[in-house]
Each structure stands twice: as structure tokens, then as C-alpha cells.
Amino acid sequence: MNRHVTKIAAILSLSVSFTMIGQTADAKTTFTPLKKGMNNSRVLEVEKMLDALKFDYKLKVDKIYNVDTVNNVKKFQKKYKLKQTGVVNLATYNKLKQVYNASKKPATKPETKPNNPTKPSDQATTATLKLGSTGERVKDLQKMLAALGYKVTATGTYDDSTRFAVMLFQSRNKQTLTGEADSKTYSEISKQFKNIKPGTTTPTTPPSQNNGSSQNPGTGQNPSAQVPLPSELTADEKEMVQLVNQERVSKGLTPYQVDMQLTKVARVKAQEMVDKGYFSHTSPTYGSPFQMMESFGINYMAAAENIAQNQTVSGAHQMFMNSSGHKANIMSSSYDYVGIAVVNGGPYGKTFVQMFLKK
């Protein structure tokens with residue numbers, strides 16, 4: 001009887017999970033090389049990038065892959081030491097995307113401010129601070145976050161730990177989760193920093209990246225959202241676990257516990273998608289997500305998988321939450337454990353795999 005019930009649960013889980021784990025809107029299951037004679041939206045995208053990068057030898061941005069497109073592609077491949085075929089394969093496309101995205105980033109202009117200010121001034125910030133920004137304003141931001149209890153070191157460089165702290169601050173203050181300190185976020189951090197009374201203790205430290213079980217009164221966040229975060233997780237993986245559990249607790253759901261064995265399986269899947277250039281729930285090596293879990297010795301009563309490719313953790317999270325199928329997995333009461341992998345690589349910058357389990 002018990003064996004029969006378990007089998008039904010597993011079969012139902014497989015059916016329900018496949019319904020829930022549809023691919024993200026901008027994801028591609030395969031990459032078809034672009035060559036002369038083609039006419040589609042990806043050709044248009046490549047032509048726009050080449051045009052923006054001034055590879056404009058008789059180039060027409062018209063969605064038609066003609067001889068002029070070929071010549072421009074060859075010029076790009078020559079400049080970046082790729083094989084000069086005139087065909088846009090996955091390697092050429094990824095490099096073109098990387099160079100194009102880099103060309104759009106504005107150069108950060110450090111601002112001078114008095115050294116070691118006791119309190120930041122009320123002067124409104126005009127430039128958004130983001131990953132890679134440097135200067136005294138970044139250092140001031142880091143000092144304020146540290147005083148408010150966030151684990152940040154005032155180095156003057158906007159690193160991953162700063163982005164993670166800003167995102168936690170935004171979440172607790174009901175701001176859009178960007179991980180970037182625009183004028184609104186910077187001003188609110190400054191305001192809360194100035195409200196710290198001399199001689200009083202600073203607010204309790206937010207959930208540690210190594211152990212998120214500490215209490216954090218005064219943040220407006222349910223303490224039950226704070227679960228232990230294994231130290232083996234990367235900063236990106238910790239960030240995504242926090243975002244997922246904040247969504248669950250906001251709706252009265254129990255936060256997911258992190259299963260490191262499941263996380264390792266998710267990492268293998270994510271890395272394989274990057275290395276082999278595919279985007280699918282079905283691995284050419286391990287089969288379906290459920291077959292893959294079983295091959296790694298993971299037992300379950302129910303399971304599901306979300307996958308995405310995006311430039312940032314917050315961007316991937318928003319994609320998941322804007323998709324009914326992916327959101328259903330994140331917010332499901334059917335699962336107790338999660339394994340999340342974030343791997344650098346893929347046509348959109350980062351590859352994400354979320355695996356969910358009920359043991």
C-alpha cells in the first residue's frame with residue numbers, strides 16, 4: 001500500500017512539475033548559427049550590435065544576412081581573434097554580446113568628498129551606484145550600510161557584497177529590487193543612518209551569509225524567513241535563496257531549507273548547459289531533471305525545476321516571479337527543500353537552475 005502511494009506521488013509530481021517548469025520568455029533551447037541568406041530577428045539583433053560597434057562596412061540593419069553582413073562579421077572575428085568564417089556561431093554571438101554590453105556601460109566618474117565624513121551630506125546623488133562603481137560616495141554608502149548592521153566593508157568599490165546588502169535593504173524597505181543605489185535608495189539609507197542615536201546600539205545585523213538564523217527585529221521581515229545559508233554557497237546563490245524565501249514568507253509560507261546535495265546537482269546541470277550550449281530541462285547526459293536527481297542518489301516524493309538565463313540574479317528572479325509556472329514552483333507548499341545554482345556563462349551572462357524537493 002505504501003509503495004503504491006509513493007509511486008502515485010512520484011508520477012503526479014512528474015506530471016505537475018513538467019507543467020510548471022516552462023522555459024523563460026527570452027530563453028532559447030538551441031542556438032542556430034547565422035549565415036548568409038538568413039532573414040530573422042536574431043540577424044537583426046546582430047546587425048544592430050555591429051552597427052553600434054561601428055563595424056559598418058556597407059552594413060544595412062535590415063534583418064537580411066547578406067555579403068555585407070558577412071564582411072562585418074569577419075572584421076569583428078578578426079579583431080577579437082576568432083575564426084574568420086563570416087558565420088555567427090555561439091562563440092561569436094557570445095563575444096559580440098559581451099563587447100556590445102560593455103560598450104553601453106557608462107564610465108564611472110568618481111566624486112570627491114571630504115575624507116572620513118562623520119555623517120554623509122544631504123546633497124542629492126545624481127549618479128546611480130552599481131556593481132563596479134568606485135569612489136568616496138561608494139565608501140560613504142558602505143559605511144552607512146555597515147552602521148545599519150549589514151555585512152559590508154568600506155573599500156570604495158561597489159562589489160558583490162555591497163550589491164547584496166543594497167538588495168536586502170531595498171527588500172526590507174519595499175523598494176524595487178535592483179541591487180543598485182539610485183538617488184532614492186541612497187537617500188533612504190542616508191536617512192536611516194542619520195537616525196541612529198549616539199550611544200545606542202546599531203540595529204541588529206541582517207541575516208548572515210553563512211548563517212541566516214539570527215533575529216532581525218525592526219526590519220519588518222518575518223524572522224522565519226531567515227534560514228541557515230551554507231557557507232559553500234556562492235554570493236549569487238545566497239542572494240537568490242534570500243529572494244525566494246522573502247517571497248514565500250511574505251505570503252505566509254515556510255521558507256525553503258537549502259539542500260547542498262541538491263545544490264551540487266543543480267550546479268552540474270547549470271555548468272553543463274553553459275559548456276554544451278543548450279537550454280533545456282532535458283540534459284543530453286542525465287535526461288530529465290528527475291532522472292538526473294535519481295542518478296545522483298537523491299530520493300524524493302515530489303520535485304520540480306526552474307531554469308533561466310539573465311545578466312543578474314535580481315533580473316532572473318523577476319523573470320521567475322513574472323511567469324506563472326515558475327512562480328508556482330517558488331511559492332508551492334508541495335516542496336520543503338531547494339537547491340539553487342548560479343553559473344557564469346551562457347548567451348545572457350549567467351545561467352540559473354532552481355531544483356525543488358519534497359523528501
Side-chain angles (χ1 to χ4, degrees), residues 1-24 27 212-213 224-234 236-238 240-249 251-273 278-308 316-317 319-321 323-343 351-359:
M1 180 67 178
N2 288 338
R3 287 197 300 271
H4 180 65
V5 171
T6 301
K7 184 176 181 181
I8 291 175
I11 292 173
L12 289 175
S13 168
L14 182 67
S15 175
V16 172
S17 296
F18 272 126
T19 300
M20 291 180 176
I21 59 179
Q23 295 172 5
T24 52
S213 61
S224 65
Q226 303 169 16
V227 299
L229 295 181
S231 59
E232 301 97 318
L233 294 178
T234 67
D236 282 347
E237 291 165 349
K238 291 173 183 175
M240 181 159 272
V241 172
Q242 291 277 15
L243 293 175
V244 165
N245 280 337
Q246 286 167 11
E247 298 284 1
R248 291 178 63 80
V249 170
K251 300 300 182 183
L253 297 170
T254 302
Y256 284 128
Q257 299 294 316
V258 177
D259 186 308
M260 279 308 300
Q261 185 181 8
L262 188 62
T263 298
K264 291 175 182 177
V265 176
R267 286 173 177 169
V268 172
K269 175 67 175 290
Q271 191 63 58
E272 185 188 56
M273 284 197 289
Y278 74 93
F279 186 85
S280 172
H281 292 295
T282 303
S283 161
T285 305
Y286 301 100
S288 73
F290 318 109
Q291 292 170 322
M292 186 173 185
M293 293 176 195
E294 291 168 358
S295 69
F296 279 83
I298 294 178
N299 298 316
Y300 59 86
M301 295 181 63
E305 179 187 76
N306 285 343
I307 59 176
H317 178 71
M319 287 173 64
F320 284 145
M321 294 305 294
S323 165
S324 59
H326 297 85
K327 181 178 179 180
N329 283 339
I330 290 173
M331 304 301 286
S332 175
S333 58
S334 299
Y335 312 115
D336 306 309
Y337 295 88
V338 70
I340 290 177
V342 183
V343 173
T351 297
F352 303 81
V353 175
Q354 297 178 334
M355 290 183 168
F356 307 89
L357 280 186
K358 180 174 182 63
K359 296 184 179 180

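Atom set for the values below is all heavy atoms of this structure, side chains included, hydrogens, waters and symmetry mates excluded.
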Looking only at heavy atoms, which two atoms of [X] and [Y] are closest? And how far apart?
| X | Y | value |
| --- | --- | --- |
| Glu272 | Ser283 | OE1-OG, 2.6 Å |
| Gln271 | Val343 | OE1-CG1, 3.1 Å |
| Ala316 | Met240 | CB-CE, 4.0 Å |
| Ala266 | Gly339 | CB-O, 3.9 Å |
| Asn329 | Ala304 | OD1-CB, 3.5 Å |
| Leu233 | Arg267 | CA-NH2, 3.7 Å |

Interatomic distance, [X] atom [atom1] to [Y] atom [atom2] [nearest 0.5 angstrom]:
| X | Y | atom1 | atom2 | answer |
| --- | --- | --- | --- | --- |
| Lys238 | Glu232 | NZ | CD | 9.0 Å |
| Met273 | His281 | CE | NE2 | 8.5 Å |
| Glu247 | Gln242 | CD | CD | 12.5 Å |
| Met301 | Leu357 | CE | CG | 12.0 Å |

Open item on the list: Checking the side chain of Asn245 only, and the main-chain atoms of Pro255 only, is there a donor and an acceptor separated by less than 3.5 Å?
Closed with: no

TODO: Without swapping roles, check the side chain of Arg248 against the backbone of Ser332 for a donor-acceptor pair under 3.5 Å.
DONE: yes

Open item on the list: Looking only at side-chain N and O atoms, does Glu237 offer a donor or acceptor that is under 3.5 Å from a partner on Thr263?
Closed with: no

Indicate yes or no: at least one non-hydrogen side-chain atom of [X] is less than 4.5 angstrom from one of [Y].
| X | Y | result |
| --- | --- | --- |
| Val265 | Met355 | yes |
| Ile340 | Phe352 | no |
| Gln257 | Asp336 | no |
| Ser288 | Met293 | no |
| Ile330 | Asn306 | yes |
| His317 | Met321 | yes |
| Tyr300 | Leu262 | no |
| Lys264 | Phe296 | no |

Open item on the list: Is the terminal nitrogen or CZ of Lys359 (NZ for Lys, CZ for Arg) located under 6.0 angstrom from the six-membered ring centre of Tyr337 and within 45° of that ring's axis?
Closed with: yes

- [ ] Establish, yes or no, whether a centroid distance under 6.0 Å links the rings of Tyr256 and Tyr335.
- [x] no

